[in-house]
Every structure is written in structure tokens, then in C-alpha cells.
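Read through the structure below, which is laid out as C-alpha cells, and then see the notes.
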Amino acid sequence: MSEGNGANGSGRISVVIADDQELVRAGFAMVIGSQPDLDVVGQAGDGAQAVEIARRLHPDVVLMDVRMPGMDGIEATRLITEHAGDGSPLTRVIILTTFDLDEYVMAAIHAGASGFLLKDTEPESLLNSIRTVYQGNAIIAPSATKRLIEKMSQSGDATANDPARPVSPAPQAAMYTDPELDLLTEREREVLIEIAHGLSNQEIADKLFVSLPTVKTHVAHILAKINARDRVQAVVFAYENHLV
């Protein structure tokens with residue numbers, strides 16, 4: 001793994017915090033700044049400011065609130081990540097959300113976020129998530145994963161539960177699945193299901209009684225086969241293909 005973009009030349013993982021509440025920014029900055037390998041290089045009070053700072057400093061990670069005045073965190077995430085792969089230093093975005101903001105999660109994923117955390121996450125979990133995302137992986141809060149799947153399920157069932165619509169049998173065999181699903185081995189499907197349930201690699205290894213390197217290999221193969229950028233997109237794929 002290469003060193004961080006190091007917006008201040010320190011070689012540490014550089015972080016920008018975007019949140020419209022100054023006390024929230026200060027709290028995150030205090031936690032992150034206490035770590036020898038992490039460095040808060042900028043703070044933003046709205047989405048437009050976050051985009052400007054990210055384009056100027058090229059931080060490794062941006063912690064992005066969703067609801068902010070003016071430009072929201074979703075649009076800011078899209079603008080920050082849209083240049084990924086064009087030669088610019090790669091900046092990854094972690095969306096910060098609360099239970100009543102679940103409707104934004106799918107939009108955040110499609111905007112290019114590398115994951116999302118609940119704002120009440122434990123400090124150690126926040127720090128580990130920043131390091132995980134920097135390493136090229138994605139993070140997804142287990143409880144948020146459950147709520148995301150529930151919300152998507154409710155959305156998918158809305159039409160079927162409409163009393164004004166006549167009920168007609170819909171055989172499962174007619175249900176569409178992506179052709180990439182057929183590329184997965186049985187074990188890879190098992191691993192994908194556990195990813196969709198929000199388990200970490202170590203938790204998957206413990207549950208399936210395999211080694212951690214084996215799980216990492218399975219995850220890499222899964223992402224490649226389904227053309228997913230990260231674990232968050234893998235969760236969406238698993239749901240859309242009725243694995244969860």
C-alpha cells in the first residue's frame with residue numbers, strides 16, 4: 001500500500017471532515033487527530049466547501065455528512081469521486097448517516113461513496129473505517145446494512161401489497177438475475193451473502209470456518225466477477241439478485 005496523498009506532506013492518511021455542525025467537526029477532529037497515522041487537513045461546513053477543499057488538497061478520505069445547507073453531501077460526494085481514475089489522486093468518501101437518513105444511502109452508493117457509518121459509531125470503529133477505506137476496501141455499518149435491506153425489501157414489496165392492484169401469481173423462476181451471478185461458485189455466494197449481512201472478513205472467516213486470507217481471496221474474486229467497485233456495491237448486487 002502506498003503512503004497517503006499527504007495533503008500536508010506528512011505521508012499520513014489525510015482526512016477532511018464535512019459537517020455543518022461545528023461541534024461535530026471538532027469532536028471528529030479530536031478523535032482522528034489523536035492517531036499518529038491520521039491527519040485532519042481540512043474542515044468544511046457545507047458540500048460546496050467540501051468539494052473545493054477536496055479538489056485543492058486531494059485528501060485520502062472525506063468524512064461527509066448528508067444533510068448540509070446549500071449543496072448536500074450526496075452531490076458533493078458525486079463531484080469529489082467523479083474524477084476517480086482520470087489520473088487525479090484518489091479521494092474516497094465515507095458518508096455519515098443517522099437512522100432517519102436511510103433514504104439517502106442508495107443515492108450515496110451510486111454517487112461513489114466507499115461506505116457509510118452511523119454518526120453514533122464508536123471512536124475506534126470510526127478510526128478503523130478510515131484506515132479500511134484508505135486501503136481500498138469499503139465499509140458498511142452492520143445495523144445500517146440491515147435497515148438498508150429492510151428498506152429495499154419494503155420498496156420492492158410495495159407494488160405487490162397494493163390492494164388496488166389485482167393479485168396474480170409470479171413464479172420465482174421468472175425473477176431476473178444478473179448473468180454475473182452465475183459466475184460465482186457456491187462458496188463465493190455464501191461469502192457474498194455474509195457481506196450483505198454486514199459481516200467483516202474476520203467474522204465471515206469465523207462463521208464459515210475458513211482462514212482470513214481465504215475470505216479475502218473470495219471477496220476479491222466476487223468483486224471482480226460481479227464488476228463491483230467495493231463491498232457496498234456488492235451488498236446492492238446481493239439484494240438485487242435476491243440473495244438476501
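- Residue Met30 is not grouped with residue Leu63 when hydrophobic side chains (ILVMFWY) are merged at heavy-atom distances under 4.5 angstrom, including chains of intermediate members.
- Atom CD of Gln202 has more than 12 heavy atoms from other residues, nucleotides or ligands within 6.0 Å.
- In this structure, CD on Glu82 lies 11.5 Å from OG1 on Thr77, to the nearest 0.5 angstrom.
- Once rounded to the nearest 0.5 Å, the distance linking OG of Ser125 with CG of Leu118 reads 9.0 Å.
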Inset, instruction - Kindly indicate, with the supporting measurements, whether the criterion side-chain contact (heavy atoms from CB on, under 4.5 Å) is fulfilled by Arg231 and Asn201. - result: CA-CA 11 Å; Arg231 295 170 80 100; Asn201 285 349; 2.5 Å; yes

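- Residues Gln43 and Ala26 share a closest heavy-atom pair of OE1-N, 4.5 Å.
- Residues Ile222 and Phe237 have side chains not in contact (no heavy-atom distance under 4.5 Å, counting atoms from C-beta outward).
- At a threshold of 4.5 Å between non-hydrogen side-chain atoms, the residues Phe116 and Val66 do not count as touching.
- Taking the charged nitrogens against the carboxylate oxygens, Asp60 and Arg12 have no contact shorter than 4.0 Å, which rules out a salt bridge.
- At a threshold of 4.5 Å between non-hydrogen side-chain atoms, the residues Val215 and Leu208 do not count as touching.
- One hydrophobic cluster, built from ILVMFWY side chains closer than 4.5 Å, cannot hold both Leu212 and Leu199; they sit in different ones.
- Salt bridge annotation for Glu203-Lys207: absent, with no cationic side-chain nitrogen under 4.0 angstrom from a carboxylate oxygen.
- Going from atom CG of Leu96 over to atom CD1 of Ile17 covers 9.0 Å, rounded to the nearest 0.5 Å.
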Legend entry - Test side-chain contact (heavy atoms from CB on, under 4.5 Å) applied to Arg92 and Thr81, step by step: CA-CA 7 Å; Arg92 295 181 170 88; Thr81 61; over 6 Å; no

Legend entry - Residue pair Glu186, Arg189: steps toward the salt bridge (Lys or Arg N to Asp or Glu O under 4.0 Å) verdict: CA-CA 5 Å; Glu186 191 62 34; Arg189 290 193 185 206; 5.1 Å; no

Inset, instruction - Check step by step if side-chain contact (heavy atoms from CB on, under 4.5 Å) holds for Met71 and Asp46. - result: CA-CA 7 Å; Met71 182 186 297; Asp46 57 50; 6.0 Å; no

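- Under the rule for a side chain to side chain donor-acceptor pair (under 3.5 Å), Asp20 has no partner lying at least two apart in sequence or in another chain.
- For the residue pair Val40 and Gly33, the shortest heavy atom distance occurs at CG2-N, 4.4 Å.
- Using a 4.5 Å cut-off on side-chain heavy atoms (C-beta onward), Val62 and Val15 make no contact.
- A donor-acceptor pair under 3.5 Å is formed between the side chain of Asn241 and the backbone N or O of Asp178.
- Note that CG of Asp65 and CZ of Phe28 are 8.5 Å apart. Values are rounded to the nearest 0.5 Å.
- Between Pro69 and Gly45, the closest heavy-atom pair is CD-O, 4.1 Å.
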Legend entry - Steps toward side-chain contact (heavy atoms from CB on, under 4.5 Å) verdict (Gln21, Arg25): CA-CA 6 Å; Gln21 298 184 44; Arg25 297 199 306 270; 6.0 Å; no

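- Thr214 and Thr217 share no donor-acceptor pair across their side chains, judged by distance under 3.5 Å alone.
- For the residue pair Gly47 and Met68, the shortest heavy atom distance occurs at N-CE, 3.7 Å.
- Residues satisfying the side chain to side chain contact (heavy atoms under 4.5 Å, CB included) criterion with Lys225, sequence neighbours excluded, are Leu183, Leu184, Thr185, Glu188.
- Using modelled atom types, one side-chain atom of Thr91 and one backbone atom of Pro59 make a donor-acceptor pair closer than 3.5 Å.
- Put simply, the side chain of His218 does not reach to within 4.5 Å of the side chain of Ile204, judged on heavy atoms.
- Panel note: side chain Thr121, backbone Leu117; no donor-acceptor pair is recorded below 3.5 Å.
- Shortest non-hydrogen contact noted between Val235 and Ala196 is CG2-CA, 3.8 Å.
- We find the CD1-CG distance between Ile32 and Leu38 to be 7.0 Å, quoted to the nearest 0.5 Å.
- Between Val210 and Arg187, some side-chain heavy-atom pair lies under the 4.5 Å cut-off.
- Taking each heavy atom of Ala111 and Ile74 in turn, the nearest pair found is CB-O, 3.7 Å.
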Inset, instruction - Applying salt bridge (Lys or Arg N to Asp or Glu O under 4.0 Å), run through Asp72 and Arg67 and close with a yes or a no. - result: CA-CA 5 Å; Asp72 64 23; Arg67 282 184 175 169; over 6 Å; no

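- Between the CD atom in Gln35 and the CD atom in Glu124 there is a gap of 6.5 Å [rounded to 0.5 Å].
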